[in-house]
Amino acid sequence: MTHEKVILVTGGSGLVGKAIEWVIENDKGKYGKGEGEKWVFLTSKDGDLRSIEATRAIFEKYKPNQVIHLAALVGGLFKNIKYKLDLLRDNLLINDNVLHTAHEHKVEKVVSCLSTCIFPDKTTYPIDETMIHNGPPHESNFGYAYAKRLIDSQNKAYNDQFGDNFTSVIPTNVFGPHDNYDLQDSHVIPGLIHKCYLAKKNGTPFVVAGTGKPLRQFIYSRDLAKLFIWVLREYKEIDPIILSVGEKDEICIKDVADAIVKAVGFEGEYSFDTSKSDGQYKKTANNAKLLKYLPDFQFTPFEVAVKESTDWFIQNYGNARTGNP
């Protein structure tokens, strides 16, 4: 009998966790479920990872060989500004508990998820993996950003002192099925999908905040999931790796809105409210390290990914995280 290999995914019900689950179940190629693998996707109902006792109980129950650590307390801009201590402290506790319990259980490998918001506010572009600690993050979310940055420091310390194989990835702007589509507190793509859907449903204009000129690198959650699985199985470094489309695939918000209008089938009035602020013009990340390892990785074309995300939202409207009852 082959020994079962248990892979524990914290934050398993979120955007990235659901995408990993989908790829594991549906990919017929090298990213699908491996022989003898048992994947466990945790949700907050399984226990509060801010508690060391609850975290230890989860590890005792499942005895994981490997861990993908996605769980985090997150917030939109408003929450990041207002609750800096909560975001700092809760995430420090979650990360410390997961990593230390993984160490106690002699887990073979942990892959944690960082965020591009951890990079210094004052920086040169494109940003790369070597620049994480080069200066303070943006004032608006320093609580969350420092907690995430420290995962990189913890990974290096666990490796230096004990030889633990703990690493991390830094995705750019992720979108896809199971996203947070709340109109008040969501990221740009799910927020615009929801807004455009309502404009079509109610016969009202679709108005996008800002000029539509800022550029962003978006990664489809199912592409990111494949890359997470590759990192878990193949990536040997402790240092983090940026998981992103390339600089040439940066896309302006107007093109994002156009793709959403097409995917929703919206034919009404569509405009940009230039009185609203644009935010940062660009935050380009360099994916050269990823391309060195995986030069032939095929990213899903942006329009296809937007269509799949929009179709999922419409099919699940009412039970998606839409901010509606």
Side-chain angles (χ1 to χ4, degrees), residues 10-11 14-17 49-50 67-99 110-159 166-175 180 185 187-188 214-219 221 224 227-228 231 235 237-245 247 250 279-290:
T10 72
L15 168 64
V16 181
L49 295 172
R50 291 172 296 187
V67 173
I68 291 179
H69 175 38
L70 307 173
L73 182 77
V74 295
L77 187 62
F78 171 74
K79 204 166 166 185
N80 268 316
I81 292 170
K82 195 167 181 212
Y83 298 109
K84 288 192 178 115
L85 180 72
D86 290 2
L87 285 155
L88 176 65
R89 192 157 180 268
D90 285 358
N91 285 302
L92 285 173
L93 288 168
I94 290 168
N95 300 335
D96 190 55
N97 290 341
V98 168
L99 293 176
V110 179
V111 181
S112 297
C113 192
L114 309 185
S115 156
T116 49
C117 79
I118 69 176
F119 283 101
D121 181 35
K122 305 277 186 285
T123 187
T124 53
Y125 291 95
I127 43 187
D128 68 39
E129 293 88 350
T130 65
M131 298 155 87
I132 294 170
H133 303 284
N134 286 1
H138 193 275
E139 175 63 24
S140 66
N141 66 352
F142 83 80
Y144 180 76
Y146 274 121
K148 283 290 192 186
R149 262 188 202 190
L150 276 172
I151 290 178
D152 178 50
S153 305
Q154 287 169 294
N155 287 346
K156 291 189 168 91
Y158 275 109
N159 182 257
F166 296 175
T167 189
S168 61
V169 304
I170 309 168
T172 45
N173 301 278
V174 193
F175 72 99
N180 172 12
D185 209 26
H187 291 123
V188 59
L215 295 165
R216 292 292 180 270
Q217 286 156 301
F218 292 100
I219 182 163
S221 59
L224 177 61
L227 293 173
F228 250 106
V231 167
Y235 181 68
E237 297 182 41
I238 301 300
D239 285 329
I241 183 166
I242 289 170
L243 302 182
S244 174
V245 298
E247 196 170 346
E250 265 185 320
Q280 218 170 322
Y281 174 62
K282 62 190 290 180
K283 306 179 181 180
T284 316
N286 182 342
N287 75 340
K289 186 172 180 175
L290 174 64

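Just so it is clear, the values below take in all heavy atoms, side chains as well, and ignore hydrogens, waters and symmetry mates.
With sequence neighbours left out, the salt bridge (charged side-chain N to carboxylate O under 4.0 Å, His left out) criterion links Asp96 to no other residue. Every side chain to side chain donor-acceptor pair (under 3.5 Å) that Asn95 has, sequence neighbours left out, goes to His69. Partners of Arg50 according to the salt bridge (charged side-chain N to carboxylate O under 4.0 Å, His left out) rule, which considers only residues two or more places apart in sequence or in another chain, are Asp48, Asp90. Taking the side chain to side chain donor-acceptor pair (under 3.5 Å) definition, one finds that Asp128 meets it with Thr130, sequence neighbours left out. In terms of the salt bridge (charged side-chain N to carboxylate O under 4.0 Å, His left out) criterion, residue partners of Lys289 (sequence neighbours excluded) are, by chain and number, Glu237. Partners of Asn173 by side-chain contact (heavy atoms from CB on, under 4.5 Å), not counting sequence neighbours, listed by chain and number: Arg216, Phe218. The side chain to side chain donor-acceptor pair (under 3.5 Å) search around Tyr146 returns none, not counting sequence neighbours. Partners of Phe228 under the ring-ring contact (aromatic ring centres under 6.0 Å, His included) rule, at least two apart in sequence or in another chain, do not exist in this structure. Glu250 pairs by the side chain to side chain donor-acceptor pair (under 3.5 Å) definition with Thr284, not counting sequence neighbours.
The distance from the CG atom of Leu243 to the CG atom of Leu224 is 6.0 Å, given to the nearest 0.5 Å. For the atom pair Leu88 CG and Asn141 CG, the distance stands at 11.5 Å (nearest 0.5 Å). We find the CD1-CG distance between Ile242 and Leu290 to be 9.5 Å, quoted to the nearest 0.5 Å. Interatomic distance, OG of Ser112 versus CD1 of Ile94, reported as 11.5 Å (0.5 Å rounding).
At distances below 3.5 Å, at least one donor-acceptor pair connects side-chain atoms of Thr10 with backbone N or O atoms of Leu70. Panel note: side chain Asn155, backbone Ile238; no donor-acceptor pair is recorded below 3.5 Å. Formation of a donor-acceptor pair under 3.5 Å by the Gln217 side chain with backbone atoms of Ala285 is found in this model. Ser244 places no side-chain N or O within donor-acceptor distance of the main-chain N or O of Asn287, the cut-off being under 3.5 Å.
Residue Val67 comes nearest to Val98 through the heavy atom pair CG1-CG1, 4.4 Å, listed as atom of the first residue, atom of the second, then distance. Listed here is the closest heavy atom pair of Pro171 and Cys113: CG-SG, 3.7 Å. Contact between Leu73 and Leu87 at its shortest, heavy atoms only, is O-CD2, 3.2 Å. Taking each heavy atom of Ile170 and Pro240 in turn, the nearest pair found is CD1-CB, 3.9 Å. In this structure, Leu49 and Asn97 approach most closely via the heavy-atom pair O-ND2, 2.8 Å.
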Asn159/Phe166 under side-chain contact (heavy atoms from CB on, under 4.5 Å): CA gap, chis, key distance, verdict: CA-CA 7 Å; Asn159 182 257; Phe166 296 175; over 6 Å; no
Begin with the C-alpha distance, continue with both residues' side-chain angles, and end with the deciding distance and a verdict on side-chain contact (heavy atoms from CB on, under 4.5 Å) for Asn180 and Leu15. CA-CA 8 Å; Asn180 172 12; Leu15 168 64; over 6 Å; no
Can you check side-chain contact (heavy atoms from CB on, under 4.5 Å) on Ile241 and Leu227, steps first, answer last? CA-CA 10 Å; Ile241 183 166; Leu227 293 173; over 6 Å; no
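Residue pairs satisfying the salt bridge (charged side-chain N to carboxylate O under 4.0 Å, His left out) criterion with at least one member in residues 146-156, sequence neighbours excluded, are listed as follows: Asp152-Lys156, Lys156-Asp239.
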Tell me which donor-acceptor pairs under 3.5 Å the side chains of residues 115-127 have, and how far apart each pair is, sequence neighbours excluded?
residue	atom	partner	partner atom	Å
Ser115	OG	Cys117	N	3.1
Tyr125	OH	Gln280	NE2	2.6

